[in-house]
Visitor: 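This is the structure I have questions about; it appears just below.
So you know, we letter chains A, B, ... as the sequences are listed, proteins then strands, and number each from 1.
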2 protein chains.
Amino acid sequence: MAERGRPRKFDREEALARAMELFWRKGFAGASLSELTAAMGINPPSLYAAFGSKEALFHEAVSLYGRTESPEIWLAIEQAPTAREAFDGFLRATAFSFTQPDKPHGCLIVLGALHADDAGSEAVCAALRKMRADNVTDLAARLRRAVDEGELPAGTDCDGVAAFYVTVQQGMSIQARDGASRETLLAVADGAMAAWYGLTGGRPAARLC
Amino acid sequence: MAERGRPRKFDREEALARAMELFWRKGFAGASLSELTAAMGINPPSLYAAFGSKEALFHEAVSLYGRTESPEIWLAIEQAPTAREAFDGFLRATAFSFTQPDKPHGCLIVLGALHADDAGSEAVCAALRKMRADNVTDLAARLRRAVDEGELPAGTDCDGVAAFYVTVQQGMSIQARDGASRETLLAVADGAMAAWYGLTGGRPAARLC
DNA sequence: CTCCTTTTTTATCGATCAATACATAAATCG
DNA sequence: CGATTTATGTATTGATCGATAAAAAAGGAG
């Protein structure tokens with residue numbers, strides 16, 4: 001079971017983290033092999049031996065992103081007692097995650113590969129698109145749970161509400177990439193939550209009466 | 001004043017329109033010279049003689065986009081009698097514009113150049129970023145006008161509200177590019193408008209009382 | 001030690017990128 | 001007409017793209 005051959009000189013996870021950071025900052029097509037190898041501190045043959053291809057490296061980088069950056073965003077969706085607190089926490093965590101110092105602003109899954117440049121990046125683009133679609137599904141599932149639990153009316157348009165909040169979050173990626181401050185994104189989150197009772201038809205805002 | 005030399009064989013505006021369509025669909029970096037010349041029906045020397053460079057062609061394409069696609073979106077902002085109708089019309093027109101058949105879905109100004117790949121595209125990226133920032137400014141100006149006219153309270157956070165609605169619109173570009181239907185985008189627009197009274201502190205939704 | 005396996009470094013591969021040289025063609029000007 | 005000007009088509013330019021060939025280096029296995 002002991003490893004045969006010359007031992008790898010670099011830390012694979014560390015190199016992957018550097019690749020993820022570069023993909024996050026420049027996108028799949030925008031991060032060139034020479035930039036990747038420079039950031040990872042290795043030569044091209046080492047990259048291909050360890051990860052297979054630029055596309056495979058990107059998929060691993062996205063997976064790492066999902067394991068390191070996403071959980072804090074989705075924590076509230078899973079753990080908050082009410083759907084309203086879940087969505088509010090979701091958007092507030094997004095505002096924090098998208099404006100971390102010393103990290104690229106915005107979301108890798110939204111900004112990483114919007115255009116299917118050539119045949120090679122079509123698969124990459126489709127993978128991110130599916131992850132974005134899954135986000136809508138997950139939010140809708142949380143809303144349906146709220147309907148089942150009686151927090152929201154039976155007629156709630158869970159898919160439509162989920163689409164709205166995902167759209168806001170995706171817009172926050174653009175805003176964050178454009179330099180919007182954490183405070184601005186939190187204000188956007190508050191704005192989206194201002195639509196909650198009107199959207200869900202749940203308990204109205206009593207102070208308005 | 002008569003034109004000297006051999007007359008141009010192609011229609012410059014028509015070729016520009018084809019270039020705009022390709023940039024819109026694939027982004028600045030994603031649209032290669034060979035694809036551009038193929039779409040425009042001309043050879044590289046003709047492109048450079050008529051437009052100067054790929055970057056200059058992109059700027060002209062963005063200008064054409066602003067003249068042909070943007071007006072219908074911004075019409076309501078300028079002409080609607082109330083700010084609420086202005087923003088509602090703005091988002092509904094966006095939903096229509098972003099899902100036109102036989103045209104790329106989403107907005108060229110949002111999707112055209114998110115990453116500053118190299119030194120050449122940094123200027124392109126910055127130009128689009130400025131246009132996106134100007135959008136926030138324009139929406140905020142419409143809100144301030146509503147404050148002046150008494151439609152909205154004096155304490156309204158015009159910049160924050162403008163940031164929210166621009167964020168929603170930018171998220172709609174991602175959604176449209178991902179294949180969201182016109183109906184879905186209209187539902188997102190309705191969702192954003194559901195936040196209006198809560199955000200602006202204006203006249204509350206009477207039906208909730 | 002000698003084999004064997006794997007990683008390393010160096011140098012490069014063919015393809016494609018944005019951008020041009022060059023010669024020819026098609027118009028106006030004198 | 002010849003001279004000038006501009007556009008066109010063909011063929012390339014140097015640079016960079018993602019991906020490798022080849023040989024030296026560094027470990028364990030026998």
Visitor: Give every residue pair that meets the ring pair (Phe, Tyr, Trp, His ring centres under 6.0 Å) criterion with at least one member in residues 88-109 of chain B, sequence neighbours excluded.
Guide: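 Every pair satisfying ring pair (Phe, Tyr, Trp, His ring centres under 6.0 Å) with a residue in residues 88-109 of chain B: B:W74-B:F90.
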
Visitor: Could you tell me how far apart B:E3 (CD) and D:dT4 (C1') are, to the nearest whole angstrom?
Guide: 15 Å

Visitor: Only distances under 3.5 Å count here; give the side-chain donor-acceptor pairs of residues 163-170 of chain B to other protein atoms, sequence neighbours excluded, each with its distance to 0.1 Å.
Guide:
| unit_1 | atom_1 | unit_2 | atom_2 | d |
| --- | --- | --- | --- | --- |
| B:Y165 | OH | B:A192 | O | 2.9 |
| B:T167 | OG1 | B:A163 | O | 2.6 |
| B:Q169 | NE2 | B:T94 | OG1 | 3.0 |
| B:Q170 | OE1 | A:Q175 | NE2 | 2.9 |

Visitor: Of all heavy-atom pairs between B:P101 and B:R182, which one has the smallest distance, and what is that distance?
Guide: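 Nearest heavy atoms, B:P101 then B:R182: CD-NH2, 4.3 Å.
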
Visitor: Looking only at side-chain N and O atoms, does B:K9 come under 4.0 Å of OP1 or OP2 in D:dT6?
Guide: no

Visitor: Are A:N43 and C:dT9 close enough that a side-chain N or O sits under 4.0 Å from OP1 or OP2?
Guide: yes

Visitor: Rounded off to whole Å, could you give me the CD1-to-P distance for the B:I42 and D:dT10 pair?
Guide: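 Taking CD1 of B:I42 and P of D:dT10, I get 14 Å after rounding.
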
Visitor: Between B:D11 (CG) and D:dA7 (C1'), how many Å, whole number?
Guide: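 About 15 Å, once rounded to whole Å.
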
Visitor: Could you state the atom-to-atom distance from CE of B:M40 to C1' of D:dT8 in whole Å?
Guide: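 It works out to 15 Å between those atoms.
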
Visitor: Provide, to the nearest angstrom, the distance between the CG atom belonging to B:L47 and the C1' atom belonging to D:dG9.
Guide: 15 Å

Visitor: Less than 3.5 Å apart, which donor and acceptor atoms pair up between the side chains of residues 24-33 of chain A and the rest of the protein, not counting sequence neighbours?
Guide:
| unit_1 | atom_1 | unit_2 | atom_2 | d |
| --- | --- | --- | --- | --- |
| A:W24 | NE1 | A:G106 | O | 2.9 |
| A:K26 | NZ | A:E35 | OE2 | 2.7 |
| A:K26 | NZ | B:D117 | O | 3.0 |
| A:S32 | OG | A:S34 | OG | 3.1 |
| A:S32 | OG | A:E35 | N | 3.2 |
| A:S32 | OG | A:E35 | OE1 | 3.2 |

Visitor: Can you give one letter per nucleotide of nucleotides 17-24 of chain D, 5' to 3': B if a protein heavy atom sits under 4.0 Å from the base, S if only from the sugar-phosphate, - if neither?
Guide: SSBBB---

Visitor: Below 3.5 Å, can you tabulate the donor-acceptor pairs from side chains in residues 58-67 of chain B to any protein atom, sequence neighbours excluded?
Guide:
| unit_1 | atom_1 | unit_2 | atom_2 | d |
| --- | --- | --- | --- | --- |
| B:E60 | OE1 | B:R12 | NH1 | 3.1 |
| B:E60 | OE2 | B:R12 | NH2 | 2.8 |

Visitor: Once salt bridge (charged side-chain N to carboxylate O under 4.0 Å, His left out) is applied, do any residues pair with A:E78, and if so which ones, sequence neighbours excluded?
Guide: none

Visitor: Taking only side-chain nitrogens and oxygens of A:S46, does any of them come within less than 4.0 Å of OP1 or OP2 of C:dT8?
Guide: yes

Visitor: On the nucleotide C:dT6, are OP1 or OP2 found under 4.0 Å from the side-chain N or O atoms that A:R4 carries?
Guide: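 Answer is no, no contact under 4.0 Å.
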
